[in-house]
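The next block holds one structure in the form of structure tokens; read it before the comments.
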Amino acid sequence: MIYSIVKFGDPVLERPAEPVTVFDDDLRKLIDDMFESMYEARGVGLAAPQIGISKRLAVIDITFKEDPDAKLVLANPEILHAEGKHTQPEGCLSIPEFREPVKRAQKVTIRAQDAHGKWYEKTGEDLLARAFLHETDHLNGKLYISHISALKRDLMKRKIRKLIKAGEW
Ligand code: NI
């Protein structure tokens, strides 16, 4: 099933999500649907709040279907270690058509549970490190625009408010 993506302005995106406690077939179906919805939306990461489900669950595939081993499920992720700095334009499926440079750690180690509840650790650099931080932020009710200047953020919000008024959001 393809879910539609919740856009900026919906409070579910700015609320901390609830831990995943049950790792059953329903959860695995949700995970499959999240990958499908992410690919449909041409994204490389998707967090459950972005489909209106306030759970600490995200999926990532920075290779966009090229490498099946790159498909990652992050349930209840925690950032264990972050180092370095790296600035790159960043976007979000919930804030379509906008991109802004965001300074993030260059190398990040997370601890998370997979689709079966098994804990694992993984270190990512560059885009993968950025995806770990971006998706974990989502689960804490935080969007990437909280990492840009207040001036840029206000400008972006003004543009979005106009789009909402025009019925184009
Ligand atoms: Ni996002």
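Both ligands and their constituent atoms are indexed starting at 1 by order of listing. Here, residue 1 is the first one in the sequence, and each next residue gets the next number.
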Quiz item: Do Gln50 side-chain atoms and Ala47 backbone N/O form a donor-acceptor pair below 3.5 Å?
Solution: yes
Quiz item: Which atoms form the tightest heavy-atom contact between Lys152 and Pro101, and what is the distance?
Solution: NZ-CD, 4.2 Å
Self-check item: Partners meeting side-chain contact (heavy atoms from CB on, under 4.5 Å) with Val6 (sequence neighbours left out)
Solution: Asp10, Val12, Leu13
Exercise. Inspect the contact between Arg56 and Glu18 and indicate whether a charged nitrogen and a carboxylate oxygen are less than 4.0 angstrom apart.
Key: no
Quiz item: Are Ile145 and Leu151 connected in the hydrophobic side-chain network, where two residues link if heavy atoms are under 4.5 Å apart?
Solution: no
Quiz item: Do Asp33 and Lys29 meet the salt-bridge criterion of a basic N to acidic O distance under 4.0 Å?
Solution: yes
Practice problem: Sum up the protein N, O or S atoms located under 2.8 Å from the Ni ion (ligand 1). | Solution: 3
